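Small disclaimer: the values here were computed from a predicted structure and weren't measured.
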Amino acid sequence: VQLQASGGGLVQPGGSLRLSCAASGSIRSINDMGWYRQAPGKQREMVATITSGGSTNYADSVKGRFTISRDIAKNTVNLQMNSLKPDDTAVYYCNADKIMTTSWQTVYNNWGQGTQVTVSS
């Protein structure tokens with residue numbers, strides 16, 4: 001099972017980016033998925049999560065600006081980021097907390113490779 005993130009880049013303050021993450025492998029189902037970020041010198045923090053039922057949770061710092069969504073059939077999760085600020089600069093990681101494989105094995109705490117988001121003028 002692998003998670004592959006994409007969509008990072010350099011954007012000016014006030015701009016937008018869309019991050020995507022695709023899970024691949026012999027997947028039967030995925031529980032919660034989410035996005036986390038880590039800025040230089042800081043701990044990794046939760047940005048947004050979404051359950052298999054579509055319930056979402058956001059960090060206070062991104063509420064009203066970021067939107068998380070997922071496609072259950074395609075095993076993907078996206079993060080639409082609007083009104084970006086310099087404080088949003090970080091490496092963004094996608095996560096799938098519990099993946100059930102087609103052989104009925106459970107794989108916990110799966111992380112993508114990270115994608116850099118830089119907000120700067």
Side-chain angles (χ1 to χ4, degrees):
V1 175
Q2 281 189 322
L3 298 180
Q4 181 71 39
S6 62
L10 172 65
V11 64
Q12 292 186 341
S16 298
L17 280 176
R18 182 177 177 86
L19 304 183
S20 296
C21 177
S24 61
S26 301
I27 297 171
R28 182 177 299 276
S29 65
I30 302 176
N31 196 17
D32 296 355
M33 299 187 79
W35 289 93
Y36 295 71
R37 67 187 181 187
Q38 187 166 17
K42 295 186 177 181
Q43 289 189 333
R44 190 173 297 188
E45 63 176 359
M46 185 276 291
V47 176
T49 61
I50 184 167
T51 69
S52 57
S55 296
T56 58
N57 185 39
Y58 295 93
D60 288 343
S61 60
V62 307
K63 282 181 181 177
R65 300 188 297 122
F66 290 11
T67 302
I68 190 170
S69 61
R70 69 186 284 183
D71 186 321
I72 297 290
K74 295 181 179 179
N75 293 323
T76 58
V77 61
N78 302 304
L79 185 69
Q80 178 65 42
M81 305 185 294
N82 299 327
S83 302
L84 282 160
K85 305 174 181 180
D87 283 350
D88 296 317
T89 296
V91 178
Y92 283 70
Y93 298 90
C94 61
N95 173 271
D97 75 329
K98 187 167 69 174
I99 296 177
M100 177 72 73
T101 70
T102 53
S103 59
W104 298 103
Q105 291 180 320
T106 302
V107 184
Y108 293 95
N109 205 23
N110 305 272
W111 292 94
Q113 84 284 10
T115 184
Q116 177 71 46
V117 172
T118 303
V119 185
S120 175
S121 55

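With values rounded to the nearest 0.5 angstrom, R65 atom CZ is found 10.5 Å from S16 atom OG. Between the CH2 atom in W35 and the OG1 atom in T49 there is a gap of 13.5 Å [rounded to 0.5 Å]. Annotation: the span from N109 atom CG to D97 atom CG amounts to 8.0 Å, rounded to 0.5 Å. Here the straight-line distance linking atom CZ of R70 with atom SG of C94 works out to 11.5 Å at 0.5 Å rounding.
Inspection of the S103 and T101 side chains reveals an N or O donor paired with an N or O acceptor under 3.5 Å. When only modelled atom types and interatomic distance are considered, Q80 and N82 share a side-chain donor-acceptor pair under 3.5 Å. If you check the side chains of Q4 and S6, you find no donor sitting under 3.5 Å from an acceptor.
A pairwise comparison of heavy atoms in M46 and A59 identifies O-CB, 3.4 Å as the closest pair. In terms of heavy atoms, Y93 sits closest to G112 at CD2-O, 3.7 Å. When all heavy atoms of T106 and K98 are compared, the closest pair comes out as CG2-CG, 3.2 Å. The minimum heavy-atom distance between A39 and A90, with the atom names listed, is N-CB, 3.8 Å. The two residues Y92 and L19 come nearest to each other via the heavy atoms CB-CD1, 3.6 Å.
When hydrophobic clusters are built by joining Ile, Leu, Val, Met, Phe, Trp and Tyr residues whose side-chain heavy atoms come closer than 4.5 Å, directly or via intermediates, V47 is grouped together with L17. V11 and V62 fall within a single hydrophobic cluster, where Ile, Leu, Val, Met, Phe, Trp and Tyr are joined by side-chain heavy atoms under 4.5 Å apart, directly or via other members. In terms of hydrophobic clustering, with Ile, Leu, Val, Met, Phe, Trp and Tyr side chains grouped at heavy-atom distances under 4.5 Å, W111 and I30 are assigned to different clusters. Under the 4.5 Å side-chain heavy-atom criterion for grouping Ile, Leu, Val, Met, Phe, Trp and Tyr, V91 is not connected to V119 through any hydrophobic cluster. L79 and L3 are not part of a single hydrophobic cluster, where members link through side-chain heavy atoms under 4.5 Å apart.
Among residues two or more places apart in sequence or in another chain, the side-chain contact (heavy atoms from CB on, under 4.5 Å) test is passed with D60 by K63.
Residue pairs meeting the salt bridge (charged side-chain N to carboxylate O under 4.0 Å, His left out) criterion with at least one partner in residues 34-48, sequence neighbours excluded, are R37-E45, R37-D88.
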